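Presented below is the structure to which this report refers.
This is a predicted model, so every value here is computed, not measured. Reckoned from all heavy atoms, side chains included, excluding hydrogens, waters and symmetry mates.
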Amino acid sequence: DSPALIFEQGAAGRRAFAQTPTVAESWDDLPPALRRSEQPQLPEVSELQVVRHYTRLSQRNFSIDTQFYPLGSCTMKYNPRACNTLAMLPGFLSRHPLAPVSRGQGFMACLYELQETLQAVTGMQAVSLTPMAGAQGELAGMAMIRAYHRARGDLARTEVLVPDAAHGTNPATAVMCGYTVREIPTDSAGDVDLEALRSAVGPHTAAIMLTNPSTLGVFERRIVEIAELVHEAGGLLYYDGANLNAILGQVRPGDMGFDVVHVNLHKTFATPHGGGGPGAGAVGVGERLRPFLPIPFVCREGEGYRWAGRTDCPQTIGRLSTFMGNAGVLLRAYVYARLLGAEGLSRVGIYATLSANYLLARLGAVGYQPAYPARRASHEFTLSLKPLTAQTGITALDVAKRLLDYGFHAPTVYFPQLVPECLLIEPTETESKQDLDRFVEAMAAIFDEAHAAPERLREAPHHLPVRRLDEVRAARELDLRWDVPTRPTQNPSA
Amino acid sequence: DSPALIFEQGAAGRRAFAQTPTVAESWDDLPPALRRSEQPQLPEVSELQVVRHYTRLSQRNFSIDTQFYPLGSCTMKYNPRACNTLAMLPGFLSRHPLAPVSRGQGFMACLYELQETLQAVTGMQAVSLTPMAGAQGELAGMAMIRAYHRARGDLARTEVLVPDAAHGTNPATAVMCGYTVREIPTDSAGDVDLEALRSAVGPHTAAIMLTNPSTLGVFERRIVEIAELVHEAGGLLYYDGANLNAILGQVRPGDMGFDVVHVNLHKTFATPHGGGGPGAGAVGVGERLRPFLPIPFVCREGEGYRWAGRTDCPQTIGRLSTFMGNAGVLLRAYVYARLLGAEGLSRVGIYATLSANYLLARLGAVGYQPAYPARRASHEFTLSLKPLTAQTGITALDVAKRLLDYGFHAPTVYFPQLVPECLLIEPTETESKQDLDRFVEAMAAIFDEAHAAPERLREAPHHLPVRRLDEVRAARELDLRWDVPTRPTQNPSA
Amino acid sequence: MPFIPHTPEDVQAMLAAIGVPEVSALFDEIPASLRWARVEGVPPGASEMAISRLMRERAARDGADLCFLGAGAYEHHIPAAVWEIATRGEFYSAYTPYQAEASQGTLQLIYEYQSMMTALMAMDISNASLYDGASALAEAVLMALRAHRGGNSQRIWMPASVHPFYRETVRTIVEGQGIELIEVPYDPETGLTPAATLDALPDAAALVIPLPNFFGRLEDVDALTDAARARGALVIALVNPLAMAVLKPPGEWGTGASGVDIACGDGQPLGIPLSGGGPYYGFLCCRANHARQMPGRIVGRTVDRDGRVGYTLTLQPREQHIRRAKATSNICTNQGLMVTASTIHMALLGSEGLARAALASHARATALASQLAAIPGVELRFGGHFFHEFVLTLPQPVAPVLEALASAGVLGGFDLSEAYPELGNALLVCATETRTQADLARYGTALADILES
Amino acid sequence: MPFIPHTPEDVQAMLAAIGVPEVSALFDEIPASLRWARVEGVPPGASEMAISRLMRERAARDGADLCFLGAGAYEHHIPAAVWEIATRGEFYSAYTPYQAEASQGTLQLIYEYQSMMTALMAMDISNASLYDGASALAEAVLMALRAHRGGNSQRIWMPASVHPFYRETVRTIVEGQGIELIEVPYDPETGLTPAATLDALPDAAALVIPLPNFFGRLEDVDALTDAARARGALVIALVNPLAMAVLKPPGEWGTGASGVDIACGDGQPLGIPLSGGGPYYGFLCCRANHARQMPGRIVGRTVDRDGRVGYTLTLQPREQHIRRAKATSNICTNQGLMVTASTIHMALLGSEGLARAALASHARATALASQLAAIPGVELRFGGHFFHEFVLTLPQPVAPVLEALASAGVLGGFDLSEAYPELGNALLVCATETRTQADLARYGTALADILES
């Protein structure tokens with residue numbers, strides 16, 4: 001069974017005494033009507049209980065530090081430990097966001113140099129680091145596009161084009177920016193259907209949002225034509241940087257014709273996923289969108305660095321966070337970029353692509369069906385389990401769950417939705433050939449099991465802390481917090 | 001199976017590139033006859049492989065941070081995380097041991113204050129922190145006793161008295177100091193057999209080495225008479241501080257009549273056991289032994305602190321380590337002592353004793369046989385499984401191994417040797433009553449299993465990474481290192 | 001090749017398996033005109049040793065000052081255990097817990113987080129976090145507009161006593177949807193937002209109520225809640241979560257403790273280091289009836305096939321990866337690691353520890369306010385209650401004074417002259433439980449010296 | 001009550017179960033005259049917040065200088081991963097792996113350590129560590145005396161070119177057993193120990209050979225090994241383990257690479273921070289025929305009941321907890337956590353990384369030696385080969401020069417005048433791969449300035 005909740009391990013009055021101020025100050029000068037009448041029911045436990053509970057919980061996770069994650073579109077590469085250690089140096093941790101820049105030129109220099117690096121690898125003219133995740137980077141990008149059209153008085157552009165294979169954040173973001181979304185179909189080779197695009201684009205087109213390579217794991221070969229088409233119609237091109245790892249150092253979005261790009265630093269720049277975040281979604285822009293960059297960003301002045309704000313950038317779309325985005329994540333990305341340097345960044349795309357094509361070849365040989373067999377893989381590729389499902393009844397989900405038993409995280413499943421019974425597999429450049437081979441062996445074993453012992457797969461996983469969970473019940477009988485037994489009123493500082 | 005060895009995960013030429021200096025310097029100025037002809041066969045692996053391998057290995061351990069360790073005589077209490085964080089502050093970590101004291105008064109102040117604290121809790125007159133473990137503290141203590149007798153020209157004292165229940169380090173240390181060991185038996189109530197002592201003590205007696213409370217988990221009630229007896233014969237008293245946790249803040253070894261004491265900081269002062277060390281075995285002495293203290297120790301001079309060495313202490317037994325013992329462990333102990341303070345240190349003995357007596361009462365009620373049923377437990381107590389073994393064939397080892405399945409570390413088994421089928425149980429003051437109760441439940445379940453399903457116990461553990469290991473084979477067919485395949489000679493810096 | 005494990009032999013074997021002669025062939029679908037851009041303007045790679053030294057030197061130039069800045073980011077004691085555990089690889093390098101069976105650690109932790117946060121806020125439901133306080137307020141605004149029955153109002157009442165950067169962030173995020181933020185003025189004498197002020201304003205879908213407000217002042221949350229309800233508006237509480245250990249929680253605001261609809265804020269005071277401004281995390285709680293309007297991830301407790309308790313992400317049809325253009329928000333990544341730390345922090349402090357930290361902070365701020373206000377020419381701008389942060393007026397412009405204080409190693413507070421010119425030479429000052437009496441005295445002496453000279 | 005979880009209710013329930021009315025009853029076997037001593041002279045307890053601030057302030061006063069001290073402790077780059085993993089609770093807070101089934105992580109790691117250390121030393125067997133280099137040398141001496149066949153010699157040849165603190169430590173540890181350490185003089189012109197020197201000395205059970213020696217000089221280990229063997233003595237190598245990545249390892253010393261009997265030293269250069277002098281760890285390797293004379297813990301690979309590979313402590317009958325007065329040593333606790341870190345360090349660097357770190361250190365030292373020797377009046381004391389550490393003579397007494405350097409933030413080296421007065425104003429200087437060209441120049445400039453003034 002799952003460990004008892006931390007609440008259930010407590011006893012009234014137990015505390016981690018070293019952590020509470022020794023003196024209980026009075027609350028007499030707070031207005032009685034605004035005082036809390038009952039203490040919130042938080043755990044009452046010792047420090048050892050807390051350390052033990054969360055250490056043990058951590059062991060119930062898969063993670064990059066313990067497992068291979070062939071998780072398509074997520075770029076689960078090694079998160080170098082130095083990035084963490086150095087971003088958590090006491091000087092950085094204790095820096096107040098509103099401290100004068102004169103007292104933190106070291107921090108400012110890191111951010112400035114990271115801006116420069118991101119410009120270089122994306123082929124953009126200016127970068128703002130403030131977006132706190134990919135989706136916020138998208139929001140920033142689309143808001144800039146909106147501001148651009150408005151600044152030109154071009155108010156007719158109400159539509160954003162999004163390929164059907166796009167990440168869900170793309171259409172969601174376009175809507176958040178007040179746009180209508182128009183889906184563009186994908187052709188049978190995995191490219192954008194150029195005819196469909198041609199008929200969709202027009203004076204109502206604000207922009208097209210593209211990932212290249214696409215989520216299908218293939219490079220959009222007619223990107224130059226697409227860019228011309230959209231630009232000619234007066235629209236702009238948004239580059240969703242989720243797949244930038246594939247082409248890092250090989251091709252630049254700016255050269256493809258994109259006007260704005262966001263970079264998921266928690267993918268391409270190896271900052272940790274942290275069980276769901278924090279990420280960072282820096283945005284880079286070409287000249288047209290430069291006036292609209294979100295603030296603050298760092299600019300150089302003489303020998304030093306300072307924040308640029310609304311005075312420097314009066315047409316800015318404004319702030320996206322209280323302070324400077326996920327600054328600590330940015331420091332990690334900066335350290336990573338410095339460790340790799342120009343030549344190291346170039347290698348990323350090469351080896352990520354090599355590993356993906358290798359896995360694709362090996363898994364094809366095992367008997368799995370590539371969704372686009374005639375195409376090169378980018379840093380990731382799609383398999384369709386439809387033939388296997390037809391033969392054995394085994395679904396993509398069954399394979400995914402069984403992989404957990406073999407000690408591998410599952411690939412992304414059922415995305416992109418246009419590939420039936422889809423597995424989207426991305427090995428990244430940091431896994432060794434041995435580990436890729438072990439993954440192929442596991443996939444081969446599962447392929448055999450699907451024919452020989454399908455029940456075993458349908459019931460998987462077998463060796464994890466829990467078996468498949470009742471998600472219908474989870475959604476229907478919502479149990480979203482521990483039920484708090486009531487406790488009598490007391491002065492919280494007594 | 002156990003994970004592949006790190007060596008087996010490598011590939012020729014693979015490296016953790018961020019960790020190796022980028023330039024391979026020449027070795028031309030090193031004499032050819034002294035150059036290494038073949039690279040040592042170390043692992044050739046990536047940084048991710050290393051991180052993943054050792055992270056996963058760590059998960060194959062029990063530890064305080066994940067399990068309760070009722071391990072008698074080892075004082076496995078919570079190791080506060082702040083002690084680690086603060087001892088590893090960059091300023092402390094980068095301090096060179098030979099740096100001038102003027103450049104490290106903060107560090108020196110910590111050591112000085114720790115010396116003072118240890119004096120206060122042991123009732124001694126002076127303390128040296130240099131011994132690196134309990135056994136080295138013993139060595140220091142016995143060497144001082146030897147130096148003391150020699151300084152007085154008293155060369156006839158060739159014998160050291162050691163109770164039969166003593167830790168193995170006691171006789172081993174006495175021998176290392178050139179003494180003959182004479183064992184003193186324990187009486188049926190768990191006290192030293194005073195008659196036997198009386199007949200053993202004499203002009204040949206250099207000292208007696210005692211732990212009080214003894215390893216039997218009971219307080220040596222006639223300690224004052226013992227001290228008088230030995231002192232009258234011209235011998236000295238050595239206090240083995242392994243069990244100091246029992247009486248911290250309650251009784252001081254100095255008041256009992258001891259001349260020298262060592263303190264296991266990794267027990268009583270909560271520094272980590274680290275899977276086998278490092279420890280620290282500070283020694284405290286009364287006036288008689290003060291001139292012989294090991295160097296260096298810290299002394300105060302004006303407003304500052306400096307090292308005391310041979311000039312200050314010409315009769316010193318000398319150095320026990322290259323520099324200042326396990327300095328980082330001492331910093332951890334210092335932080336612990338400051339967090340607890342005078343009143344907190346006093347509580348340690350009280351609650352450690354309370355928890356031990358509680359467990360003793362509960363386990364007695366379950367049906368386990370206390371070795372000394374008429375005695376109070378100190379911070380630990382002994383059970384004899386002899387009746388259970390007689391009834392069911394189940395041994396102390398079986399119970400210990402089965403406890404692992406229940407998620408508890410085993411108690412100390414078969415020590416002290418004079419209790420047949422002995423379990424020595426020490427809960428420490430940092431485990432909650434809930435966790436003690438869970439332990440009792442597990443012990444009760446095992447008691448039942450011993451009668452109902454003894455096979456299950458004899459085969460235990462069942463739920464650990466490995467089952468019982470073939471120790472005979474381990475000792476007979478020594479396999480103490482990975483077998484290195486040979487590799488051709490090459491210039492290591494090529 | 002930092003972090004790339006491929007040996008030349010590996011590469012050859014892999015190319016052979018693929019059936020291409022060299023790596024460049026793998027890029028042959030990329031138009032030649034685009035290929036092989038080189039990374040320029042980026043320094044060459046360096047060893048971890050070299051970069052460690054660089055970063056240590058840079059860090060040493062920062063963060064060493066005595067800090068009396070608050071204004072949305074607060075220096076509190078964080079137990080060492082918090083980050084030693086949160087940065088364990090299994091939390092730090094784990095992905096979003098979509099594969100529930102392989103993520104029970106993170107999932108149970110988030111469930112505990114949701115339980116703690118709802119307890120602290122006295123609300124029904126918490127999500128698993130948003131980016132930060134300001135963006136959480138933006139999401140709360142969007143959520144309120146979705147949840148607001150009986151009207152198509154696109155207006156929100158936004159008090160001027162809300163942090164100016166929060167207001168600006170909300171504007172950036174919501175303005176694409178044509179939402180109007182109506183500024184609710186504060187009383188320049190008290191620094192508070194009188195409930196009656198709403199009378200003069202057009203109807204809105206929701207009122208934002210800050211506690212404490214940006215000036216550290218305690219708004220009359222009951223009256224404001226009642227006034228908003230009387231106009232048919234929802235109520236969004238924007239609170240300092242640490243303060244909620246001692247102040248009335250949003251779930252009990254209003255007559256009869258009717259409670260607010262949505263509570264949000266920044267979780268930074270609960271175990272997150274200042275760290276130059278982030279990463280922090282935004283929290284968002286709501287009443288049960290708004291569950292399906294909640295943006296972001298939510299964890300639920302359920303059972304597995306054998307009936308064992310387990311945890312899983314739930315209500316996913318609200319989210320963008322399922323619902324795409326119709327999602328409640330575009331949010332995907334949140335601030336999971338911060339929530340991990342914060343959960344450990346709250347478990348360590350408990351309600352007693354949080355209450356003591358809050359009151360100790362307040363006591364330090366109160367003492368500092370007295371000391372500083374005793375300096376000739378320095379005055380407390382507003383009378384009455386505040387919570388651990390207060391506004392001073394100085395006898396001269398604030399910026400040069402702050403500069404002089406900084407030279408003395410004291411960060412004296414946040415200059416209000418730009419955001420609130422009507423307040424004159426106003427300075428927002430904060431003290432937390434981490435400040436000692438000696439620290440306060442140091443500030444007092446430095447300020448007195450500067451003002452005298 | 002820091003770290004004590006007992007609530008008043010818990011205490012009452014526990015006392016009731018025991019059957020005593022109050023806690024003091026549990027101490028009723030202790031003679032009244034001894035009871036209830038109070039802890040005096042110790043400050044009251046303080047919160048983690050207060051102690052953290054104290055320690056941060058104290059640490060800030062330390063370790064910031066530019067360090068050219070070696071003399072047995074060396075500042076090398078340590079990858080961040082090393083200590084982030086070594087301080088994981090499962091390593092940090094685990095006990096000695098006596099319960100093998102519950103300690104496979106630590107046991108496999110030690111087995112890997114033993115494999116690495118024997119590879120580095122080209123020896124057969126390694127133990128699981130001793131306290132530090134000096135005490136390891138003492139254990140090596142005792143072991144050699146046990147292992148020495150054909151004689152009851154209690155004498156050891158101990159070169160004066162061995163670290164003086166090592167020699168002193170050995171003396172302290174072994175002198176209780178009547179062992180005689182015979183000093184082997186070095187040639188004051190070369191700083192080396194000529195093999196012929198042994199001819200004038202009485203027979204001994206073993207010769208200690210340092211490489212590099214305390215002066216950084218490279219002894220003629222082959223000739224010394226041969227000379228010792230010719231006299232029927234065993235050979236103990238005392239080496240810097242990092243240097244062994246590029247220098248001839250002890251297992252190959254002597255004509256025909258006959259090898260030494262025992263190799264030992266301090267593991268500090270392999271991933272252990274300077275940390276004010278410890279904790280470091282001592283390593284000890286030997287040939288297979290001496291296995292049963294080895295002190296300390298040893299891990300062996302074996303199988304479990306199902307035939308699965310597993311690891312366990314082995315050869316325990318050598319140890320004190322089994323053999324008591326007849327044990328090979330009194331050692332019990334060793335330096336497990338240091339070995340954990342060091343194993344991770346060696347795995348990360350590999351032989352290529354260690355070799356590069358060693359040669360980069362040496363290159364830095366060579367460059368520094370040239371720069372400093374170019375200062376008028378400063379001379380290299382010994383000609384010829386050295387390894388990353390060298391002896392200078394200054395034109396004036398060393399102590400005041402070092403003091404002046406320290407005031408300039410430079411730790412200039414170790415003053416040899418006390419331990420080696422015959423060398424005059426001699427200074428032992430070290431540089432490692434962590435020192436940049438700018439660092440070297442800074443030292444050079446500072447020294448030149450001081451000597452000129």
Are the side chains of [Y] and [X] in contact, using a 4.5 Å heavy-atom criterion?
| X | Y | value |
| --- | --- | --- |
| A:R52 | B:Y78 | no |
| B:Q49 | A:D435 | yes |
| A:L48 | B:K77 | no |

If you count heavy-atom pairs under 4.5 Å with chain A, which of B:V51, B:T55, B:D65 comes out on top?
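Among B:V51, B:T55, B:D65, the one with the most close pairs to chain A is B:D65.
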I'd like to verify something: which residue of A:H53, A:Q67, A:K433 has the highest number of heavy-atom pairs under 4.5 Å with chain B?
A:Q67
Using a cut-off of under 4.5 Å for heavy-atom pairs, which of A:L89, A:L340, A:T66, A:T430 has the most such pairs with chain B?
A:T66
Proximal component of [X], with respect to chain A [non-hydrogen, under 4.5 Å]:
| X | result |
| --- | --- |
| B:Y54 | neither |
| B:Q59 | both |
| B:N79 | neither |

Chain B contact via A:I64 - side chain, backbone, both or neither, heavy atoms under 4.5 Å
both
Within the distance-only criterion (no hydrogens, no angle test), does the side chain of A:Q434 pair as donor or acceptor with the backbone N or O of B:Q9 below 3.5 angstrom?
yes
Looking at CG of B:L339 and CD of A:Q19, how far apart are the two atoms once the value is rounded to the nearest 0.5 Å?
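Between atom CG of B:L339 and atom CD of A:Q19 there are 8.5 Å.
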